[in-house]
**Student:** 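Pasting in a structure now, in structure tokens, and then I'll have a few things to ask.
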Amino acid sequence: MWGCIAIAVVALAIAVISAKAGIHARATQLMAIVAFGFALAALHANHAMSIRLPASLEGQDTRIRGRVVDLPDREARRVQFLIRVDDDASQTDALRGRLLRIAWYDGGQSRSPSVYAGSRWEFDARLRAPRGLRNPGWFDAERHALANRLAATGYVRNAASAREIAHPAGLQAWRADVASRIDAAIDAPVARFIRALALGDTRGLDDDDWATLRATGLTHLIAISGFHVGLVAGFFALLASLPWRLLPSLALRVPRPIAMAVAAVIGALLYTAVAGFALPTVRTTLMIAVVAAVRCARRAQSSFAALSLAVVAMVLVDPLSLLGAGFWLSVCGVAWLLWCLPNADGGVLRAFASAQAVATIGLLPLTVALFGQASLAGPVSNLVAIPWWSLVVVPLALIGTALDALHAGLGVRPWRIAGHAFDATWPAFVVIGDSPFAFAWLPEARWYALPFAAFAALWVLLPRGVPGKPLAMLLWLPLLWPARDLPPHGAFRIDVLDVGQGLSALVRTASHAVLFDMGPASHDGYDAGERAVVPALRALGVRALDVAIVSHADSDHAGGWNAVRNAMTIDDSHAPEGSPSPVASRCIAGRTWQRDGVRFRYLHPTEHFPYLGNDAGCVLRIDGAHGAALLTGDIGEVVERALVRRDPAALRADVVLVPHHGSEGSSDPAFIAATQARVALVATGAGNRFGHPRAEVVARWCRAGARVFDTAGGGALRVDVGLNGVNTAARRETHARLWDAARRSGRMAGLCYRRNDGPGPEE
């Protein structure tokens with residue numbers, strides 16, 4: 001940290017000296033400014049990393065006292081909330097003043113715990129540093145935690161000892177009260193959208209709502225965003241100008257533009273408070289404040305100069321805002337509009353259509369790179385939604401909120417009218433969103449695809465008459481149609497996805513995709529199929545599955561099955577005889593199929609084998625031209641020994657998915673010896689309560705000569721079996737990040753190392 005401070009101070013000093021030295025020192029000045037920026041960002045990142053929960057407190061029960069700082073998210077059997085720990089000597093030093101995300105499970109009771117925004121609580125919690133899954137795809141939970149300065153996540157322990165020490169109070173409590181009054185005022189499902197538009201409260205929106213918003217490109221409108229803050233600021237500025245229009249003599253005391261600028265900032269601040277100081281609104285308010293300050297200084301500034309000052313202000317206040325997608329979308333969106341539409345004329349409708357076209361083309365590269373999707377219906381949907389929602393629904397919702405702030409109950413009528421206005425358009429958007437042509441998921445592209453596509457967008461948006469626009473559009477191809485780099489004929493690839501304590505493995509050949517298990521799902525609503533497996537499949541360019549295999553019906557393997565089959569086209573599906581999983585056919589020893597020079601064969605269960613859960617699970621052997629792999633599910637030592645006795649040659653494989661996550665009841669020495677594996681893959685969740693993989697199991701595989709990798713330390717694991725042999729890569733190593741939780745804890749993918757006396761487990 002002190003090194004970053006020193007660099008920042010020196011760089012700033014050089015910049016100041018260079019500025020006084022004149023034009024010949026501009027290069028030095030620029031370099032110093034860049035160095036200062038890097039040092040400042042490093043300082044903030046170092047601080048955000050330093051406030052994370054130390055390893056010594058992980059897994060321990062810690063007494064917490066603090067205030068709930070946001071609206072709790074209530075689910076079927078738990079409530080999640082953010083709490084700011086009290087900054088006093090009674091709290092653990094490492095947690096004082098820190099922000100925590102806590103889950104409180106109902107413990108089988110019929111109602112969720114009574115936690116409300118603005119209340120103060122004291123309870124025991126078991127915490128750990130923020131940790132997320134690492135798969136191909138776009139959302140990085142650890143990056144999100146860093147940007148929001150989240151110190152730890154955890155859950156309430158010994159709920160009987162928890163106590164509320166202060167009733168709800170403050171801004172967050174008021175937001176919660178308004179949300180409940182909106183629900184009471186609008187006796188219809190549309191109330192959830194009015195809450196989102198009026199307060200930024202999106203807790204009521206379900207997965208189908210978000211799917212429709214993504215498909216129609218309307219996500220940016222439904223919650224309080226920078227666009228809405230700008231509308232409110234503009235309204236306040238217009239309102240402030242009225243006295244000057246009625247009494248022009250006021251301009252002799254205070255110029256009207258200055259009064260309008262100050263009013264815009266006040267309006268933006270009030271609206272940001274209503275939204276609970278959400279980051280997108282804070283960013284926009286800061287931008288408005290900078291522009292207002294320039295206006296009050298009475299210095300001539302171009303629009304681009306004002307935008308640049310606003311960006312500098314945002315980055316100086318919070319350099320980690322660069323990690324958020326909202327920052328780039330808002331800044332780039334404004335920049336595109338300023339560059340392409342400096343003097344919009346031809347009427348309101350034409351100007352609005354032109355702005356929509358510019359935003360669509362200009363922001364498409366960022367949207368695809370950040371979210372992996374392109375809304376084909378977005379331009380049309382926004383032509384209707386932006387004027388109707390932003391100029392009718394949102395003002396009515398805000399008028400209701402303002403009246404309710406004056407006196408509880410006064411906002412009922414505006415809220416109801418807003419609900420009717422919203423409901424007039426939403427059913428049509430649902431129909432559009434359900435269309436298969438509404439939007440497209442796009443595979444994860446290479447690093448150079450985004451700059452190429454951005455340059456193409458720049459060229460296409462140049463003035464009419466500029467040549468080469470059709471050719472420039474070819475630069476979109478690396479982003480919109482990236483190379484999938486599939487294995488050649490006779491080779492295959494295995495991607496063991498990071499799904500926590502569970503299993504999901506994708507096997508691909510040149511034209512064939514097989515999914516072996518779909519990850520866990522839990523009673524509290526978490527579904528790895530929806531949150532991890534389906535996004536990873538889309539990022540990998542898998543549009544359909546030829547075969548989906550549910551090895552057995554345990555929730556850590558079959559929990560995500562419903563989400564996967566609802567999201568993907570599946571030609572065939574297999575499960576053991578007697579399994580309750582709804583599939584088309586059964587896996588049985590001896591069943592085979594072949595694609596692209598690769599042979600798939602089941603080794604277990606045998607015919608008439610009773611369904612016994614783990615031990616009845618499907619065991620799949622994959623034979624390519626250059627090697628073999630064995631996917632074992634959760635079989636135990638009894639089945640392993642039976643396989644050794646029945647056909648030991650069939651077990652020999654270069655790559656083995658270690659049975660039952662490396663539990664002590666699996667990986668029999670005879671089974672390990674029969675496989676002669678070069679690579680052993682373990683699917684585990686970080687800090688799982690079972691202690692998987694067991695140290696003695698890892699040691700057995702290492703002593704047999706295998707390199708052992710696990711998803712807890714490496715994220716998604718990729719193994720290519722082809723002409724160049726067996727090549728293994730871990731997502732956390734190929735896509736290393738500063739905020740990587742596994743690297744910080746010292747836990748990496750490889751669990752074996754070699755001494756002079758041979759291989760052994762990593763210490």
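Atoms considered below: every heavy atom in the structure, side chains included; atoms not considered: hydrogens, waters and symmetry mates. Quick caveat, the model's predicted, so the values are computed rather than measured.
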**Student:** If you look at every heavy atom in Gly66 and Asp86, which pair is closest and at what distance?
**Tutor:**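 Looks like CA-OD1, 3.4 Å.
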**Student:** What heavy-atom pair brings Gly217 and Ser375 nearest, and what distance separates the two atoms?
**Tutor:**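 What the structure gives for the nearest pair is N-OG, 3.3 Å.
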**Student:** Kindly say whether Gly378 contributes a backbone atom to a donor-acceptor pair with the side chain of Ser381 at under 3.5 angstrom?
**Tutor:**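 No, because the side chain of Ser381 does not come within donor-acceptor range (under 3.5 Å) of the backbone of Gly378.
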**Student:** Find the distance between CZ (Phe709) and CD (Glu733) and round it off to the nearest 0.5 Å.
**Tutor:**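 One gets 7.5 Å once the value is rounded to the nearest 0.5 Å.
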**Student:** Taking the side chain as every heavy atom from C-beta outward, state whether Leu127 and Leu95 have any atom pair closer than 4.5 Å.
**Tutor:**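 Sidechains of Leu95 and Leu127: in contact.
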**Student:** At their closest point, which heavy atom of Leu57 faces which heavy atom of Ala94, and how far apart are they?
**Tutor:**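 Here Leu57 and Ala94 meet closest at CD1-CB, 3.9 Å.
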**Student:** Can you name the closest pair of heavy atoms from Pro130 and Ala152 and give their distance?
**Tutor:**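 Minimum heavy-atom contact is CD-CA, 3.9 Å.
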**Student:** Do other residues, nucleotides or ligands put more than 12 heavy atoms under 6.0 Å from the CZ atom of Phe452?
**Tutor:**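 At most 12 heavy atoms, drawn from other residues, nucleotides or ligands, come within 6.0 Å of this atom.
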**Student:** Would Thr285 and Ile288 count as a side chain to side chain contact (heavy atoms under 4.5 Å, CB included) here? Give the steps.
**Tutor:** CA-CA 5 Å; Thr285 300; Ile288 292 172; 5.6 Å; no
**Student:** For the side chain of Arg67 and the backbone of Gly118, is there at least one donor-acceptor N/O pair under 3.5 Å apart?
**Tutor:**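 Answer holds: yes.
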**Student:** Decide yes or no for Val69 and Phe81: does some side-chain heavy atom of the first lie under 4.5 Å from some side-chain heavy atom of the second?
**Tutor:**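 The answer is no, as the side chains (C-beta and beyond) never meet within the 4.5 Å cut-off.
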**Student:** How about Leu221 and Leu218: do any of their side-chain heavy atoms sit closer than 4.5 Å?
**Tutor:**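 They are in side-chain contact.
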**Student:** Sub-3.5 Å donor-acceptor pair from the side chain of Asp201 to the main-chain atoms of Arg203, do we have one?
**Tutor:**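 Confirmed, Asp201 side chain pairs with Arg203 backbone.
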**Student:** So, does Thr281 use its side chain to make a donor-acceptor pair with the main chain of Phe277 at under 3.5 Å?
**Tutor:**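 No, Thr281 side chain to Phe277 backbone: no donor-acceptor pair under 3.5 Å.
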**Student:** One pair to check against side chain to side chain contact (heavy atoms under 4.5 Å, CB included): Arg731 and Leu133. What are the steps and the verdict?
**Tutor:** CA-CA 10 Å; Arg731 182 78 179 183; Leu133 307 177; over 6 Å; no
**Student:** How close do Trp739 and Arg52 get, counting heavy atoms only, and between which atoms?
**Tutor:**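 For Trp739 versus Arg52, the nearest heavy atoms are O-NH1, 3.4 Å.
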**Student:** Return the minimal non-hydrogen interatomic distance between Thr216 and Asn382, and the atom names on each side.
**Tutor:**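 Between these two residues, the closest heavy atoms are O-ND2, 4.1 Å.
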**Student:** Which residue pairs satisfy the side-chain hydrogen bond (donor to acceptor under 3.5 Å, both in side chains) criterion with at least one member in residues 455-482, sequence neighbours excluded?
**Tutor:**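 Qualifying pairs: none.
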**Student:** Donor-acceptor pair, Asn135 side chain versus Asp498 backbone, under 3.5 Å?
**Tutor:**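 Here the side-chain-to-backbone pair exists.
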**Student:** Measuring only between side-chain heavy atoms, which start at C-beta, is Arg65 closer than 4.5 Å to Gln91?
**Tutor:**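 In contact.
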**Student:** Are side-chain heavy atoms of Leu458 and Trp336 found at a separation under 4.5 Å?
**Tutor:**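 Leu458 reaches Trp336 side chain to side chain.
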**Student:** Quick check against the 3.5 Å criterion: does Arg175 have a side-chain atom that pairs as donor or acceptor with the backbone of Leu199?
**Tutor:**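 Checked: pair present.
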**Student:** Applying side-chain hydrogen bond (donor to acceptor under 3.5 Å, both in side chains) to Thr92 and Thr62, what does each step give before you reach the verdict?
**Tutor:** CA-CA 8 Å; Thr92 305; Thr62 307; 5.4 Å; no
**Student:** To the closest 0.5 Å, what do you measure between CG (Asp495) and CG (Leu717)?
**Tutor:**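 One finds 9.0 Å between CG of Asp495 and CG of Leu717.
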**Student:** Determine, step by step, whether Arg98 and Asp87 satisfy the salt bridge (charged side-chain N to carboxylate O under 4.0 Å, His left out) criterion, reporting the C-alpha distance in whole Å, the side-chain angles of both residues, the deciding distance to 0.1 Å, and the verdict.
**Tutor:** CA-CA 8 Å; Arg98 303 290 191 252; Asp87 190 6; over 6 Å; no
**Student:** Answer yes or no: are there more than 12 heavy-atom neighbours, outside Arg96 itself, under 6.0 Å from its atom CZ?
**Tutor:**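 Yes, enclosed.
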**Student:** Kindly write out the residues that satisfy side chain to side chain contact (heavy atoms under 4.5 Å, CB included) with Gln373, not counting sequence neighbours, or none if the list is empty.
**Tutor:**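 Partners of Gln373 under the side chain to side chain contact (heavy atoms under 4.5 Å, CB included) test: Arg214, Phe371, Phe439, Trp441.
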**Student:** Give, for atom CG of Leu205 and atom CG of Leu213, the distance between the pair rounded to the nearest 0.5 Å.
**Tutor:**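 CG of Leu213 is found 6.5 Å from CG of Leu205.
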**Student:** Is the shortest heavy-atom distance from the side chain of Leu322 to the side chain of Trp328 under 4.5 Å?
**Tutor:**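 Yes, their side chains come closer than 4.5 Å.
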**Student:** Got more than 12 heavy atoms from elsewhere within 6.0 Å of CZ, Phe139?
**Tutor:**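 Enclosed: over 12 neighbouring heavy atoms sit under 6.0 Å from CZ of Phe139.
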**Student:** As an exercise, state the distance from CD of Glu142 to CZ of Arg131, rounded to the nearest 0.5 Å.
**Tutor:**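 One finds 6.5 Å between CD of Glu142 and CZ of Arg131.
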**Student:** Decide yes or no for Pro443 and Arg538: does some side-chain heavy atom of the first lie under 4.5 Å from some side-chain heavy atom of the second?
**Tutor:**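 Not touching, per the 4.5 Å side-chain cut-off.
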**Student:** Name each donor-acceptor pair under 3.5 Å that joins a side chain in residues 305-320 to protein atoms two or more places apart or in another chain, with its distance.
**Tutor:**
from, atom 1, to, atom 2, distance (Å)
Ser308, OG, Phe304, O, 2.8
Asp318, OD1, Arg149, NH1, 2.9
Asp318, OD1, Arg149, NH2, 2.9
Asp318, OD1, Leu320, N, 3.2
Asp318, OD2, Arg149, NH1, 3.4

**Student:** Test side chain to side chain contact (heavy atoms under 4.5 Å, CB included) on Val274 and Trp174; report intermediate values, then the result.
**Tutor:** CA-CA 9 Å; Val274 169; Trp174 174 79; 4.1 Å; yes
**Student:** Please round to the nearest 0.5 Å and tell me the distance separating atom CG of Leu398 and atom CG of Leu197.
**Tutor:**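 Output value for this atom pair is 8.5 Å.
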**Student:** I'd like to check Asp140 versus His735 (side-chain heavy atoms, cut-off strictly below 4.5 Å). Are they in contact?
**Tutor:**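 Of all side-chain heavy-atom pairs linking His735 with Asp140, none is under 4.5 Å.
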**Student:** Please confirm whether the backbone N or O of Gly97 pairs with a side-chain atom of Arg84, one donor and one acceptor, at under 3.5 Å?
**Tutor:**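 Checked: pair present.
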**Student:** Test side chain to side chain contact (heavy atoms under 4.5 Å, CB included) on Leu150 and His144; report intermediate values, then the result.
**Tutor:** CA-CA 9 Å; Leu150 191 66; His144 181 76; over 6 Å; no
**Student:** Could you give the distance from OG1 (Thr153) to CG (Leu53), rounded to the nearest 0.5 Å?
**Tutor:**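 Reported value, rounded in 0.5 Å steps: 9.0 Å.
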